[in-house]
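What follows is one structure encoded as structure tokens, with my remarks underneath.
Just so it is clear, the values below take in all heavy atoms, side chains as well, and ignore hydrogens, waters and symmetry mates. Numbered from 1 within each chain, the chains take letters A, B, ... in sequence-line order.
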Amino acid sequence: MNRVRFAPSPTGHLHIGGARTALFNYLFAKKVGGTFILRIEDTDEDRSTAESVKSIYESMRWLDLAWDEGVMADGTEKGAYGPYVQSVREAQGIYRKYADQLIAEGKAYRCYCTPEELDEVRKKAALEKRPLTYGGRCRNLTEEQKKEFEAQGRKSVVRFRMPDAGYTGWHDLIHKDVKFENKLLTDFVMLKTSGYPTYNFACVVDDHLMEISHVIRGDDHISNTPLQICLYKALGWTMPEFAHLSMILGPDGTRLSKRHGATSVGEYHKQGYLSETMKNYLALLGWSNAESQQIFKKGELEEKFDLKGCQKSPAIFDPVKLDWMNGEYIRLLPKNEMLDLVMPYIKESGLDTSASKVPLIDIVALEQEKCKLLSELPGKIEFFFKDPVYNPEAVEKTLKAPEVPKILNGIKEAYAALPEFKEAPIEAATRAFAKANALKAGQVFHPVRVALSGRAEGPTLFRMIEYIGKEESLKRLDKALTLI
RNA sequence: GCCCCCUUCGUCUAGCGGUUAGGACGCUGCCCUUUCAAGGCAGAGAUCACGGGUUCGAAUCCCGUAGGGGGCGCCA
């Protein structure tokens, strides 16, 4: 049975990198018919917050990355391997039990070093230009020594006793064979003085207990993997397969961070990206199929995803390509879905569309194909609902020509005389006017557009005029004449 | 400093010993067009990081070097 997990630590919003990891785990599970598990790794007592958990759930839901096991949005747990929150598991003594077992077997030991003392060890190691391996100062304490430390009021952590010689390696599903020399690895902390487990320990215990078959995570965890493998061996457990995903970097080639703009999934949502875009784009960051396919229809990624297509080298996040892709997805949207999705942005813009006689869905559809972001739409259609803001450049360029007053007056008369103010008759009347006055079509169209909308670019002209309406159009033509 | 990982157009990538090194974003030009987009077509853009091997033949295999990234916490 294939079981994978996404195990975020709730110390902030879901980031792009985390979302990509979650997505790849999800896609892998879908592809092989496995189980996708969400586990909350809140063993950082200082930084974990309930709001972060909530925010992560929200982002996962927005991205439609449904998990089969774990804590559900309503707070209940689903699955037979729970609890799925590490702080809850800690309270049940799960980690302590295995730590005690390893201590009893001599594979782990209590260490009484203070943070200050460890600092000295690190400084010394740096000074002597040798790797920091902690050195196992407390590895072989006698009972008397332990009692003395305890009498001094020292607190202890539990450290894992690393093998002194040999190598620890594995066959990574993405990186192939990776190995580390044991003597260079440190006796890492398993339990903190607080009794809480550290990441490396909790992760192994839970992955084993939850019967995780494939650990798919960022390659910033490669150096943790040998430590974890040693733990699997010490506990006599079979280890899962490992697949380490390459990192996502910012446009300048450094690790993606706030300096590069939006980094959390929630921010992209707010800016007007579709969740389908995010999934598709993120999937292509470090993964591809043999056809270099760019756009994937709903459900297609789930079918085509394969760890074999994963890239070893880091990928730079390209906001320009993201925008292109979002435009592609927006154009694919049915009119009604577009309206639903863009509604929150219209509301937020403060645009009052209630007085319009034309259904909003039709006006939105007029500019849908031109949006790269949902948030751009309100600005594109606002002149339908309120007085146009005349763009000075457009006014200068197209309304200042000598023949314009004559044109706008003539068009006004022509429109006033129209019995039916619809796209086709408006176009006919406009073209007839141009012809009658020996003007090129464009010579008339452009000033009319600017006069009615205030700008040089916009929707298809005669439909636009129809939607503005007869009365309002005549009013705006008058207004425009005063600007010349 | 030590350890590990990585290296094909500006960017995301295909490639798995013999290709005119393919696609996508972006860029340039043309077409379409009332505008802006979209779309169509064409084009520029990669001596496959560099240096050695192996081989009849290397982007593809091996070894070095350089550059980039990650890790070296009682953070995950």
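Note on A:Gln311: a side-chain N or O is less than 4.0 Å away from OP1 or OP2 of B:A14. At the phosphate of B:C75, OP1 or OP2 sits under 4.0 Å from a side-chain N or O atom of A:Lys192. A sub-4.0 Å separation between OP1 or OP2 of B:C72 and a side-chain N or O of A:Arg122 is absent. OP1 or OP2 of B:A37 has not a single side-chain nitrogen or oxygen of A:Arg331 nearer than 4.0 Å. The shortest distance between the side-chain N/O atoms of A:Thr193 and the OP1/OP2 oxygens of B:C74 is not below 4.0 Å.
Whole-Å rounding puts the A:Asn280 CG to B:U13 P distance at 14 Å. What separates CG of A:Asn289 from P of B:C12 is a distance of 17 Å, to the nearest Å. Computed from coordinates, the A:Glu41 CD to B:C74 P distance equals 17 Å when rounded to whole Å. Computed from coordinates, the A:Leu118 CG to B:G73 P distance equals 9 Å when rounded to whole Å. Atom pair A:Asp42:CG and B:C74:P shows a separation of 19 Å (rounding to whole Å applied). One atom, NE2 of A:His15, and another, C1' of B:C75, lie 14 Å apart when rounded to the nearest Å. Rounding to whole angstrom units, CZ of residue A:Arg449 and P of B:U34 are separated by 11 Å. Look at CZ on A:Phe383: it is 11 Å from C1' on B:C36, rounded to the nearest Å.
Of the C1' atoms belonging to B:G73 and B:G15, the separation is 42 Å, rounded to the nearest Å. If you take atom P in B:A24 and the same atom in B:G69, they sit 30 Å apart, rounded to whole Å. Between B:U7 and B:U65, the distance separating the two C1' atoms is 13 Å to the nearest Å. Between the C1' atoms of B:U11 and B:G26, the separation comes to 8 Å (whole Å). Between B:C9 and B:G51, the distance separating the two P atoms is 16 Å to the nearest Å. Distance noted for atom P between B:G67 and B:C56: 35 Å (whole Å). To the nearest whole angstrom, the two P atoms, one in B:G45 and one in B:C2, are 42 Å apart. Comparing the C1' positions of B:U8 and B:A21 gives a spacing of 8 Å, expressed to the nearest Å.
Pairing of B:A24, defined by two Watson-Crick or G-U wobble distances under 3.5 Å, is identified with B:U11. In this structure, B:C41 forms a base pair with B:G29, meeting either the Watson-Crick or the G-U wobble geometry with both donor-acceptor distances under 3.5 Å. In this entry B:A49 has B:U65 as its Watson-Crick or G-U wobble partner, both defining distances falling under 3.5 Å. Under the Watson-Crick or G-U wobble criterion, with both distances below 3.5 Å, B:C16 has no partner in any strand shown.
The residue A:Ala315 sits close only to the backbone: its heavy atoms come under 4.0 Å of sugar-phosphate atoms, none of a base. A:Leu284 comes within 4.0 angstrom of sugar-phosphate atoms only, judged by non-hydrogen atoms across all strands, and of no base. A:Gly218 comes within 4.0 angstrom of no nucleic acid atom, judged by non-hydrogen atoms across all strands. Counting non-hydrogen atoms under 4.0 angstrom, A:Ser313 reaches the backbone sugars and phosphates but no base. Backbone-only engagement by A:Arg431 is indicated by non-hydrogen atom pairs under 4.0 Å involving sugar-phosphate atoms exclusively. Residue-level contact check: A:Pro251 touches neither bases nor backbone, having no heavy atom under 4.0 Å from any strand. Contact annotation for A:Glu369: base contact, defined as any heavy-atom pair under 4.0 Å involving a base atom. Within 4.0 Å (heavy atoms only), A:Gln293 reaches no atom of the nucleic acid at all. Residue A:Lys179 is classed as a sugar-phosphate contact, given heavy-atom separations below 4.0 Å to backbone atoms only.
A donor-acceptor pair is defined here as one N or O able to donate and one able to accept, closer than 3.5 Å; no such pair exists between the side chain of A:Glu45 and the backbone of A:Ser194. A donor-acceptor contact shorter than 3.5 Å links the side chain of A:Asp172 to the backbone of A:His244. Using a distance-only test at 3.5 Å, with no hydrogens or angles considered, a donor-acceptor pair links the side chain of A:Asn326 to the main chain of A:Leu274. Listed for the A:Arg39 side chain is no donor-acceptor partner under 3.5 Å among the backbone atoms of A:Tyr84.
Here A:Pro378 pairs with A:Tyr345, A:Ile346, A:Ser349 under the side chain to side chain contact (heavy atoms under 4.5 Å, CB included) rule; sequence neighbours left out. Listed by chain and residue number, A:Phe160 satisfy the ring pair (Phe, Tyr, Trp, His ring centres under 6.0 Å) test with A:Phe188 (two or more places apart in sequence, or in another chain).
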Can you check nucleotides 20-28 of chain B for protein contacts, nitrogen or oxygen pairs under 3.5 Å, and list what you find?
{"unit_1": "B:G22", "atom_1": "N2", "unit_2": "A:Ser292", "atom_2": "OG", "d": "2.7"}
{"unit_1": "B:G23", "atom_1": "N2", "unit_2": "A:Gln294", "atom_2": "NE2", "d": "3.3"}
{"unit_1": "B:A24", "atom_1": "O2'", "unit_2": "A:Gln294", "atom_2": "OE1", "d": "3.1"}

Protein and nucleotides 66-71 of chain B: nitrogen or oxygen contacts under 3.5 angstrom:
{"unit_1": "B:G71", "atom_1": "OP1", "unit_2": "A:Arg255", "atom_2": "NH1", "d": "3.0"}
{"unit_1": "B:G71", "atom_1": "O4'", "unit_2": "A:Ser223", "atom_2": "OG", "d": "3.4"}
{"unit_1": "B:G71", "atom_1": "O2'", "unit_2": "A:Ser223", "atom_2": "OG", "d": "2.7"}

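Sequence order on RNA chain B of the closest nucleotides to A:Ile316 and A:Thr43 puts A:Ile316 first from the 5' end. Nearest-nucleotide mapping onto RNA chain B: of A:Thr114 and A:Glu367, the residue sitting toward the 5' end is A:Glu367.
Side-chain atoms of A:Tyr199 lie closest to B:A76 of the nucleotides B:A76, B:C3, B:C5. Comparing B:C12, B:A76, B:C6 by their closest approach to the side chain of A:Leu285 singles out B:C12.
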Which atom pairs, one a donor and one an acceptor, fall under 3.5 Å between side chains of residues 427-436 of chain A and the rest of the protein, sequence neighbours left out?
{"unit_1": "A:Glu427", "atom_1": "OE2", "unit_2": "A:Arg431", "atom_2": "NE", "d": "2.9"}
{"unit_1": "A:Glu427", "atom_1": "OE2", "unit_2": "A:Arg431", "atom_2": "NH2", "d": "3.0"}
{"unit_1": "A:Thr430", "atom_1": "OG1", "unit_2": "A:Tyr415", "atom_2": "OH", "d": "2.8"}
{"unit_1": "A:Thr430", "atom_1": "OG1", "unit_2": "A:Ile426", "atom_2": "O", "d": "2.6"}

Kindly list each side-chain donor-acceptor pair under 3.5 angstrom involving residues 304-311 of chain A, sequence neighbours excluded, with atom names and distances?
{"unit_1": "A:Lys304", "atom_1": "NZ", "unit_2": "A:Gln293", "atom_2": "OE1", "d": "3.0"}
{"unit_1": "A:Lys304", "atom_1": "NZ", "unit_2": "A:Glu300", "atom_2": "OE2", "d": "2.8"}
{"unit_1": "A:Asp306", "atom_1": "OD1", "unit_2": "A:Lys308", "atom_2": "N", "d": "3.0"}

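Salt-bridge check for A:Glu457 with A:Lys370: failed, with every basic side-chain N at 4.0 Å or more from each acidic carboxylate O. In this structure, A:Asp206 does not pair ionically with A:Arg5, as no charged nitrogen and carboxylate oxygen lie closer than 4.0 Å. For A:Arg139 and A:Asp164, the salt-bridge test passes: some basic side-chain N is under 4.0 Å from an acidic carboxylate O.
The base of B:U35 lies outside donor-acceptor range of the side chain of A:Thr460, with no N or O pair under 3.5 Å. At a cut-off of 3.5 angstrom, the base of B:C36 holds at least one donor-acceptor pair with the side chain of A:Lys370.
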- Does the pair A:Tyr95 and A:Phe201 meet the rule for a side chain to side chain contact (heavy atoms under 4.5 Å, CB included), with working shown? CA-CA 8 Å; A:Tyr95 308 110; A:Phe201 184 49; 3.8 Å; yes
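Ring planes of A:Phe462 and A:Phe445: perpendicular class, angle over 60° (limits at 30 and 60°).
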